[in-house]
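In what follows, every chain begins at residue 1, and chains take the letters A, B, ... in the order their sequences are listed.
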Amino acid sequence: MDTPGWRISGGSPLRDRLPRVATVARVIPETSKVTTFVLDAAIKARPGQFLMVWLPGVNEKPFSIVCPDPLTITVANVGNFTAALHRLVPGERLWYRGALGRGFRLSGRDILLVAGGYGAAPLHFLALAARDSGMAVRVALGARAQEDLLFPGRFAGLGCRVWTCTEDGSFGESGLVTDLLQSLADQHRPGSVYACGPQAMLQAVAGICEARGIPYQVSMERYMRCGMGLCGSCAVAGRRVCRDGPVFSRLPPGS
Amino acid sequence: MDTPGWRISGGSPLRDRLPRVATVARVIPETSKVTTFVLDAAIKARPGQFLMVWLPGVNEKPFSIVCPDPLTITVANVGNFTAALHRLVPGERLWYRGALGRGFRLSGRDILLVAGGYGAAPLHFLALAARDSGMAVRVALGARAQEDLLFPGRFAGLGCRVWTCTEDGSFGESGLVTDLLQSLADQHRPGSVYACGPQAMLQAVAGICEARGIPYQVSMERYMRCGMGLCGSCAVAGRRVCRDGPVFSRLPPGS
Amino acid sequence: MSRLDLSVTICGVLLKNPFVLASGILGTGAAILERVARSGAGAVTAKSYGPGPRAGYPNPTVLDWGSGLINAVGLPNPGVEVGVGELLETKERLRPLGVPLIASFFADTVKGYGEVARTIAQAGPDLLEINISCPNVEDEFGQPFAADPRAAAQVTLEVKRATSLPAIVKLSPNVADIKAIARAVEQAGADAISAINTLGPGMVIDIEAGRPILAHRVGGISGPAIRPIAVRCVYDICSAVSIPVIGIGGVLRGQDAVEMIMAGASAVGIGSAVYYRGPGVFKRLEVELSTYMEAHGYARLADFRGVALEG
Amino acid sequence: MSRLDLSVTICGVLLKNPFVLASGILGTGAAILERVARSGAGAVTAKSYGPGPRAGYPNPTVLDWGSGLINAVGLPNPGVEVGVGELLETKERLRPLGVPLIASFFADTVKGYGEVARTIAQAGPDLLEINISCPNVEDEFGQPFAADPRAAAQVTLEVKRATSLPAIVKLSPNVADIKAIARAVEQAGADAISAINTLGPGMVIDIEAGRPILAHRVGGISGPAIRPIAVRCVYDICSAVSIPVIGIGGVLRGQDAVEMIMAGASAVGIGSAVYYRGPGVFKRLEVELSTYMEAHGYARLADFRGVALEG
Ligand SMILES: Cc1cc2nc3c(=O)[nH]c(=O)nc-3n(C[C@H](O)[C@H](O)[C@H](O)COP(=O)(O)OP(=O)(O)OC[C@H]3O[C@@H](n4cnc5c(N)ncnc54)[C@H](O)[C@@H]3O)c2cc1C
Ligand SMILES: Cc1cc2nc3c(=O)[nH]c(=O)nc-3n(C[C@H](O)[C@H](O)[C@H](O)COP(=O)(O)OP(=O)(O)OC[C@H]3O[C@@H](n4cnc5c(N)ncnc54)[C@H](O)[C@@H]3O)c2cc1C
Ligand SMILES: Cc1cc2nc3c(=O)[nH]c(=O)nc-3n(C[C@H](O)[C@H](O)[C@H](O)COP(=O)(O)O)c2cc1C
Ligand SMILES: Cc1cc2nc3c(=O)[nH]c(=O)nc-3n(C[C@H](O)[C@H](O)[C@H](O)COP(=O)(O)O)c2cc1C
Ligand code: FES
Ligand code: FES
């Protein structure tokens with residue numbers, strides 16, 4: 001018979017915090033550079049949390065959770081690791097640690113999501129949760145050109161009202177997603193704004209919302225090593241993006 | 001904020017299995033050689049389980065639990081360690097690991113306890129539990145002489161019917177407690193016999209009960225090191241007294 | 001599970017599964033070793049016998065400090081003369097079960113190792129295990145044989161000269177370069193290596209008493225806490241030598257055993273797990289290992305042994 | 001708790017409590033070190049800087065394997081030239097808080113240690129910490145400075161010649177005789193010792209991938225698993241030298257810190273606990289330590305420091 005409590009005392013079963021394996025069930029091309037990977041796994045997670053995805057022999061990097069069940073990530077091909085991910089075909093495997101980090105806190109009756117590039121990834125999970133709590137969800141999507149717009153159909157399918165804009169004017173409004181935010185914020189005054197995208201975009205979002213007194217939350221990116229709040233690699237203005245974030249309810253000063 | 005589960009993952013809090021300190025609250029002389037120590041501690045335990053009692057700088061040895069709340073042990077002064085225990089006065093401290101081992105399984109409506117020497121210690125705890133389950137409890141106590149008889153008053157106080165015998169005939173019947181058992185077993189045919197005492201006595205008890213088809217349980221003693229089923233010091237006929245026992249529902253063959 | 005073959009042959013001795021009871025765990029007598037064999041162990045190691053009787057240290061000798069165990073038992077044993085009798089009876093009882101007996105021993109001089117080996121061989125164990133984690137009384141610094149490649153090799157040579165039984169040398173992790181020790185004993189004729197013995201030493205202080213809890217103050221660490229160290233040692237040893245290795249240290253579950261085998265181990269020693277999961281651990285390890293192998297399409301241990309060493 | 005005095009003075013530097021953020025934990029920049037100081041640390045150690053920029057190893061670099069952590073980060077740092085600027089800003093921010101700054105550094109030659117020390121001293125840290133757990137490229141076996149008393153002493157001498165700042169030497173547990181190293185660095189002029197750096201190395205293998213998880217394959221063990229080893233090292237060092245010792249390794253709770261202090265430590269390093277309990281751990285350790293001291297009638301740390309060494 002096991003010692004009562006050996007699982008605790010022994011610690012051995014706590015391989016849980018080590019990477020877990022999952023098989024790629026489906027690969028969905030989203031844009032020319034972005035692909036979605038649906039895994040044969042399901043986890044408990046809150047919108048905004050992320051995974052550390054490991055490809056043995058390659059590297060381990062952070063990716064937002066797009067959907068917890070089936071576990072899904074959406075990846076932009078921007079370098080070595082993401083290229084290796086893009087070579088995965090259904091039946092092949094990847095490993096993940098997580099869900100990690102602090103996610104979004106849902107509040108307000110009608111909310112506005114602002115996504116630049118693959119920033120749409122964590123916001124998709126947020127939209128899923130917001131829909132389940134019966135919130136009204138507006139989404140502002142921005143990209144360079146029409147072919148780079150991520151998830152317009154998915155958000156619409158969830159019952160969100162979607163506005164789009166492209167820098168080259170090839171689809172929707174012409175300009176930056178922050179211009180879109182500005183006009184939407186003034187027209188509708190959302191209860192809360194949730195944003196994810198490049199640092200410059202987040203800075204603009206913060207400025208717009210702070211000027212109008214609209215509460216906002218942003219999901220940030222920083223280079224990560226441990227992903228567990230220990231090594232300090234991801235620190236920005238004294239906050240650890242991997243553990244105190246990646247979602248912050250205001251942009252850390254000086255970030 | 002603590003990592004959820006750090007207590008489990010970290011393991012550190014599991015100093016629980018290390019010795020715990022307790023203060024001696026009362027010291028009760030029982031016989032010329034036997035003393036009871038009441039501690040300012042309470043534990044969860046089953047009758048028949050034991051403690052490993054540590055005196056820093058002296059040794060660590062096994063003692064039966066006489067009562068779990070307040071935690072109580074009864075000690076015969078037979079050597080170095082027990083002499084050191086006997087020098088403890090109220091306010092001084094000892095350390096213990098436990099409750100350890102497998103205790104008695106209570107069964108039957110009327111039971112007979114057979115104690116030789118300080119074997120009365122674990123049987124006292126058993127009598128407490130039997131009384132709480134409304135069983136009829138008979139007790140046969142044996143000792144060399146009247147002044148060595150342990151707990152006759154305590155058992156009587158619990159509502160048990162007590163028979164005593166001494167080898168020198170100075171009190172109760174004259175003879176061995178196993179003689180007493182023989183006549184009681186024939187007169188009353190108890191549902192179960194529970195015995196604790198020297199090995200020779202246990203052997204006789206086993207013989208008597210097996211001849212009559214009476215279920216019995218014996219609590220054995222062996223020299224112990226780890227007290228946790230690992231080192232094999234206490235092994236008898238392939239069984240570890242510290243973990244498979246000290247209570248056995250039949251005497252291990254060849255023990 | 002009928003397709004699965006969990007057996008392994010070490011130095012010509014067949015183990016029906018890779019799980020070996022480690023020395024110093026339960027191995028105090030014939031009856032308890034028979035029980036462990038019946039519980040499903042692939043082989044059993046008796047406690048370490050030395051040249052003469054030793055009382056061992058006073059208690060406390062073994063503790064669970066939360067993430068593992070610590071022990072300073074002090075090699076209590078009745079001496080090899082008495083040991084031969086115990087081992088003979090053990091071998092007798094194990095023979096019908098087809099479970100090999102490993103006889104562990106130690107000494108405090110190189111010559112002593114040869115003498116104890118010669119005596120213990122009379123019991124006819126299947127394998128000898130040389131416990132070299134003892135202080136070398138001839139060494140001016142008194143460091144254990146295990147820490148010095150030359151001393152470890154001398155002991156191995158001496159034992160190989162004294163008997164014709166296959167000899168396993170058990171290595172300590174508390175050394176500067178375990179590969180060097182492994183190579184030295186392989187060259188000296190070791191037939192196999194087991195690793196690791198306990199880590200450290202360590203110390204646990206009781207903050208009420210203000211003193212170390214173990215009577216010996218310090219003790220060797222075993223159990224879950226040492227698993228990554230043990231795996232690295234096995235990996236290092238297997239990348240340095242070609243004799244078989246028994247991987248020991250912190251193995252509690254089938255997955256842990258798979259890890260050891262992937263690091264190159266041929267068999268897997270089970271020590272502290274007997275505390276954490278009871279003597280029934282052998283059967284359960286076999287089930288867990290089999291389940292893993294079936295799920296991964298492995299038919300025998302060789303299919304994944306040492307895969308972590310590649311690439 | 002007003003009667004309690006948790007302060008300690010090490011090499012003339014006052015710490016308001018004994019809890020020191022260990023090197024390599026969070027210490028990547030001024031803002032995060034300020035945050036740790038504000039969270040209640042008695043002193044903070046920045047990450048180790050080396051002679052030139054290093055990228056460190058690819059990921060995975062840090063893992064929680066169940067009973068502790070394993071890491072192979074590879075000392076990523078921008079080099080000491082950039083480091084001086086980071087440390088200057090850090091010192092600036094810490095000054096008003098009264099929290100001393102410890103600057104950690106490494107090199108791969110004895111001379112290199114002197115040069116890095118001279119540069120880093122320009123930032124005006126309160127204490128230097130010499131990380132000697134790096135391979136000595138001049139040694140024919142490439143073994144770390146930490147494993148060789150002579151090399152450890154040479155590094156200490158060189159640093160003491162290069163600067164007038166008090167120098168702590170950080171020892172590795174992965175050595176044959178830690179007392180010998182401690183004595184050697186004390187004689188060479190070390191003002192204090194910190195111990196231990198990570199244990200091992202160890203290895204964790206993923207049994208699905210069939211390979212070590214860390215990109216570097218092996219890594220140093222920290223956290224709960226190493227506490228008894230760290231306590232024994234501190235105990236050994238304190239029984240060998242008379243300079244103050246910062247005890248590091250597996251301290252998660254106030255009781256663990258008491259254990260370290262009873263083994264002789266003057267201060268207590270906090271590393272992995274930041275993962276297990278968050279940066280708020282410093283405040284909580286202070287409460288736990290104070291509670292213990294009150295319950296036992298201790299007014300200052302000296303009242304129980306080293307008691308386990310006696311008798
Ligand atoms: C919390 C979090 C969530 C994320 N979620 C997603 C997601 O859902 N989908 C997704 O596609 N990506 C996501 N990312 C980003 C993703 O981790 C990176 O794109 C990925 O690590 C790139 O790895 P690579 O090896 O392919 O590219 P790399 O070769 O590492 O670099 C790719 C690009 O990033 C630049 N770069 C690299 N390192 C840095 C740095 N330290 N600072 C600034 N620029 C740098 C390079 O110059 C290059 O242009 C997330 C990141 C974080 C922190
Ligand atoms: C499960 C269990 C429960 C126990 N409960 C109690 C209890 O409630 N009260 C109580 O007083 N005692 C109890 N004991 C016995 C108690 O542990 C011993 O009396 C005690 O260890 C003696 O220690 P010592 O140092 O005082 O005596 P020691 O000096 O160790 O010896 C005392 C006597 O025992 C003999 N002796 C020592 N070792 C052995 C051995 N291996 N085999 C045979 N004889 C030996 C000695 O020769 C001497 O006569 C229990 C033992 C066990 C195993
Ligand atoms: C209580 C105890 C006693 C031990 N005695 C011996 C011994 O006599 N000889 C020996 O070679 N190893 C001895 N060991 C070491 C084990 O055989 C084994 O190498 C070590 O415990 C690591 O394995 P584990 O983590 O599975 O316990 C002992 C270990 C423990 C815990
Ligand atoms: C992720 C990580 C990085 C580390 N980096 C360094 C370092 O750069 N320099 C150093 O001297 N020690 C470094 N260490 C060792 C710690 O300072 C500390 O000595 C060790 O982790 C033991 O303490 P702990 O158990 O409290 O973590 C590092 C430890 C970890 C976990
Ligand atoms: S990645 Fe290490 S602290 Fe965030
Ligand atoms: S005392 Fe160690 S097994 Fe019983």
List the atom of C:Gly200, the atom of D:Ile229, and the distance in Å for their closest heavy-atom pair.
CA-CD1, 3.5 Å
Engaged part of D:Val258 at the chain C interface, taking heavy atoms whose separation is under 4.5 Å:
both
Determine whether C:Leu199 and D:Leu199 make a side-chain contact, defined as any pair of heavy atoms from C-beta on separated by less than 4.5 Å.
yes
Considering only heavy atoms, which portion of D:Ala209 lies under 4.5 Å from any heavy atom of chain C: side chain, backbone, both, or neither?
neither
Residue that, paired with C:Met203, satisfies side chain to side chain contact (heavy atoms under 4.5 Å, CB included) out of D:Asp236, D:Val234, D:Val231
D:Val231
For D:Glu259 and C:Val204 the tightest heavy-atom approach is OE2-CA, 3.4 Å
Chain D shares the most heavy-atom pairs under 4.5 Å, among C:Gln143, C:Arg232, C:Met260, with C:Arg232
Which portion of D:Ile261 sits near chain C, non-hydrogen atoms under 4.5 angstrom
neither
Checking heavy atoms, do the side chain of C:Ala295, its backbone, both or neither come under 4.5 Å from chain D?
neither
Shortest non-hydrogen contact between D:Trp65 and C:Pro224, atoms and distance:
CZ3-O, 3.4 Å
Is there a side-chain contact between D:Met262 and C:Asp206, using heavy atoms and a 4.5 Å cut-off?
no
Whatever's closer than 4.5 Å to a heavy atom in chain C on D:Ile221 counts as side chain
Output yes when a side-chain donor or acceptor of C:Tyr292 lies under 3.5 Å from a complementary backbone atom of D:Ile207, and no otherwise.
yes
